[in-house]
Amino acid sequence: MPEGHSIHRLARQFQDVFAGQVLDVSSPQGRFTAGAALLDGRKLQEATAHGKQLFLRFDRGVILHVHLGLYGAWNFGGDESFRGASSIGAPRRIGERETFSQDAEQDAGSLTGSYAGPPEPVGAVRVRLVSRNGWADLRGATTCAAITEAEAATVLARLGPDPLHNLSGDRDEFIRRIRRRKTAVGLLLMDQSVVAGIGNIYRAEVLFRQAVDPWTTGGALDDETAGLLWDDTVAAMNDGVRDGRIVTTPPAWWNGGDAGALDGEAHFVYKRQGQPCRRCGEAVAMAEIGARKLYWCPGCQD
DNA sequence: ATATTATGCAAAT
DNA sequence: TTTGCCTAATATT
């Protein structure tokens with residue numbers, strides 16, 4: 001159940017541990033057998049992310065396109081070199097499942113510099129990637145397909161700018177796409193064609209941090225406010241990539257000021273309906289909008 | 001121990 | 001507009 005920061009971390013990990021290597025690709029579950037056969041035995045050239053979409057580019061122009069959806073997850077395991085790469089092996093974070101499974105940690109802990117091979121697949125493993133140094137299992141993804149470069153371009157074409165790329169022109173493009181619409185900004189931030197990578201937590205938290213009423217229409221925002229929304233999203237999501245979890249409150253709001261100890265203090269409004277706003281004390285509100293729960297403080301965001 | 005929920009999206013209806 | 005995904009954390013019995 002990742003937002004964009006998790007997918008960018010995953011792309012980094014795939015780049016670190018698999019890029020440049022020939023991979024064995026299989027579908028133990030059996031639902032991706034044909035796609036796996038297309039990818040099997042090819043070299044992974046590059047791993048990239050845009051928003052919540054992950055692209056693994058193999059040689060001869062075949063791309064593994066994955067979207068985890070609500071509860072998809074990758075699990076990894078392997079030898080020392082594999083384990084030490086990027087954020088793999090980092091402490092398991094709430095809300096991220098891109099780290100080692102418990103079994104894999106036990107396996108890896110018993111290794112002495114060598115890699116004994118992947119474990120028997122447990123559960124519905126849609127795709128398994130195996131290199132000389134380690135393995136990755138995908139479960140529960142909403143999208144998992146072997147596609148061409150042209151098809152990948154089509155996927156990218158329907159996405160808005162990604163705050164984690166923040167390319168030149170992205171900020172202006174975001175402002176344009178927001179202000180063009182008469183929809184509530186609380187909905188627009190979740191619209192991947194407006195901005196790619198924001199999910200329900202960043203949506204609620206960034207709107208709170210910028211004191212923007214989620215029910216304001218995009219067209220009613222001025223350039224400055226829309227620009228500040230983009231800037232704060234860039235900052236918040238980059239923190240998420242660094243930390244491997246979404247923490248939108250500053251240390252001053254944590255009991256003891258220790259990130260490792262924070263529990264229920266990581267967010268201003270997300271999942272805090274009925275509780276007093278950390279800033280003004282008014283009860284945090286919640287409404288279902290577009291089949292998702294929107295959280296905001298009626299006192300601070302008006 | 002069992003039930004509910006959810007950091008989404010696409011396909012089916 | 002509804003369903004599938006078929007996980008894993010959290011809530012409830």
Side-chain angles (χ1 to χ4, degrees), chain A residues 1-10 27-32 35 49-55 65-76 91-105 121-128 136-147 151-152 154-160 162-164 186-208 233 236-237 239-241 243-249 263-264 266-274 286-295:
Chain A
M1 336 206 257
E3 301 198 20
H5 68 299
S6 294
I7 312 306
H8 280 257
R9 283 164 61 91
L10 281 165
S27 178
Q29 175 204 45
R31 281 193 46 187
F32 189 61
H50 192 103
K52 302 166 191 169
Q53 318 279 339
L54 176 69
F55 301 95
H65 173 216
V66 172
H67 191 295
L68 294 178
L70 188 55
Y71 50 72
W74 284 98
N75 284 286
F76 297 87
R92 194 177 183 81
R93 301 293 196 185
I94 293 170
E96 292 214 356
R97 299 170 199 156
E98 69 213 41
T99 51
F100 281 72
S101 69
Q102 213 166 10
D103 284 349
E105 283 194 47
V122 176
V125 177
R126 185 87 57 86
V127 184
R128 164 168 283 185
D137 281 351
L138 173 67
R139 291 183 180 81
T142 197
T143 299
C144 171
I147 64 174
E151 289 168 323
T154 302
V155 173
L156 290 172
R158 54 164 213 261
L159 298 174
D162 183 340
L164 289 173
L187 272 173
L188 291 176
L189 291 188
M190 294 276 286
D191 183 338
Q192 302 298 302
S193 71
V194 171
V195 51
I198 296 182
N200 207 13
I201 301 181
Y202 283 124
R203 177 256 293 263
E205 295 295 302
V206 169
L207 287 171
F208 176 87
T233 303
M237 293 188 73
D239 286 348
V241 171
D243 300 337
R245 63 177 296 192
I246 301 175
V247 178
T248 53
T249 50
D263 181 30
H267 311 132
F268 281 106
V269 291
Y270 176 73
K271 269 192 176 170
R272 294 195 66 244
Q273 74 272 28
M286 188 275 282
E288 291 230 5
I289 173 173
R292 311 301 301 278
K293 288 178 177 174
L294 168 67
Y295 305 86

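Chain naming here is simple, since letters A, B, ... match the order of the sequence lines and numbering starts at 1 in each.
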Here the distance between atom P of dT1(C) and atom CD of Glu288(A), to the nearest Å, is 14 Å
How many whole angstroms separate atom CZ of Arg126(A) from atom C1' of dC5(C)?
7 Å
Using the C1' atom on both, measure dC6(C) against dA3(B) and round to a whole Å.
16 Å
So if I take every side-chain heavy atom of Asn75(A) and compare against dG8(B), dT7(C), dA8(C), which nucleotide ends up nearest?
dA8(C)
Side chain to side chain donor-acceptor pair (under 3.5 Å) involving Arg126(A) - partner list, sequence neighbours excluded
Gln29(A)
Name the orientation class of the two ring planes belonging to Phe208(A) and Phe268(A) (parallel below 30°, tilted from 30 to 60°, perpendicular beyond 60°).
parallel
For Gln29(A), report the nucleic acid contact type (base, sugar-phosphate, nothing); a contact means any heavy atom under 4.0 Å.
sugar-phosphate
Which residues share a side chain to side chain donor-acceptor pair (under 3.5 Å) with Gln273(A), sequence neighbours left out
none
Interatomic distance at P, dA8(C) relative to dA10(B), whole Å
22 Å
List the atom pairs, with distances to 0.1 Å, where a side-chain N or O of residues 286-295 of chain A and a protein N or O form a donor-acceptor pair under 3.5 Å, not counting sequence neighbours.
none

Scan nucleotides 10-13 of chain B against the protein and return all N/O pairs shorter than 3.5 Å with their distances rounded to 0.1 Å.
| unit_1 | atom_1 | unit_2 | atom_2 | d |
| --- | --- | --- | --- | --- |
| dA10(B) | OP1 | Arg158(A) | NH2 | 2.2 |

Rounded to whole angstrom units, what separation is found between the CG atom of Leu70(A) and the C1' atom of dA8(C)?
11 Å
Which residues share a salt bridge (Lys or Arg N to Asp or Glu O under 4.0 Å) with Arg272(A), sequence neighbours left out:
none
Atom CG of Leu294(A) to atom C1' of dT7(B): distance rounded to whole Å?
15 Å
By ring-ring contact (aromatic ring centres under 6.0 Å, His included), His267(A) pairs with (sequence neighbours left out) Tyr270(A)
Take atom CZ of Phe32(A) and atom P of dC6(C), then tell me their distance rounded to the nearest Å.
13 Å
Send over the distance from Tyr71(A) OH to dA8(C) P, rounded to a whole Å.
11 Å
If the condition is side chain to side chain donor-acceptor pair (under 3.5 Å), which residues does Asp191(A) pass it with, not counting sequence neighbours?
Arg181(A), Ser193(A)
Just call it for Tyr202(A): base, sugar-phosphate, or nothing, with non-hydrogen atoms closer than 4.0 Å on any strand.
nothing
Rounded interatomic separation in angstrom, taking CH2 from Trp74(A) and P from dA8(C):
14 Å
Arg139(A) side chain N/O closer than 4.0 Å to the phosphate oxygens (OP1, OP2) of dA8(C)?
no
Give one of base, sugar-phosphate or nothing for Arg31(A), where a contact means two heavy atoms less than 4.0 Å apart.
sugar-phosphate
Between C1' of dA9(C) and OH of Tyr270(A), the distance in whole Å
11 Å
OG1-CD distance between Thr249(A) and Glu205(A), expressed to the nearest 0.5 angstrom:
7.5 Å
For His8(A), what residues pass the side chain to side chain donor-acceptor pair (under 3.5 Å) criterion, not counting sequence neighbours?
Asp162(A)
Among residues 191-201 of chain A, which contact DNA chain B at a heavy-atom distance under 4.0 Å?
Gln192(A), Gly199(A), Asn200(A), Ile201(A)
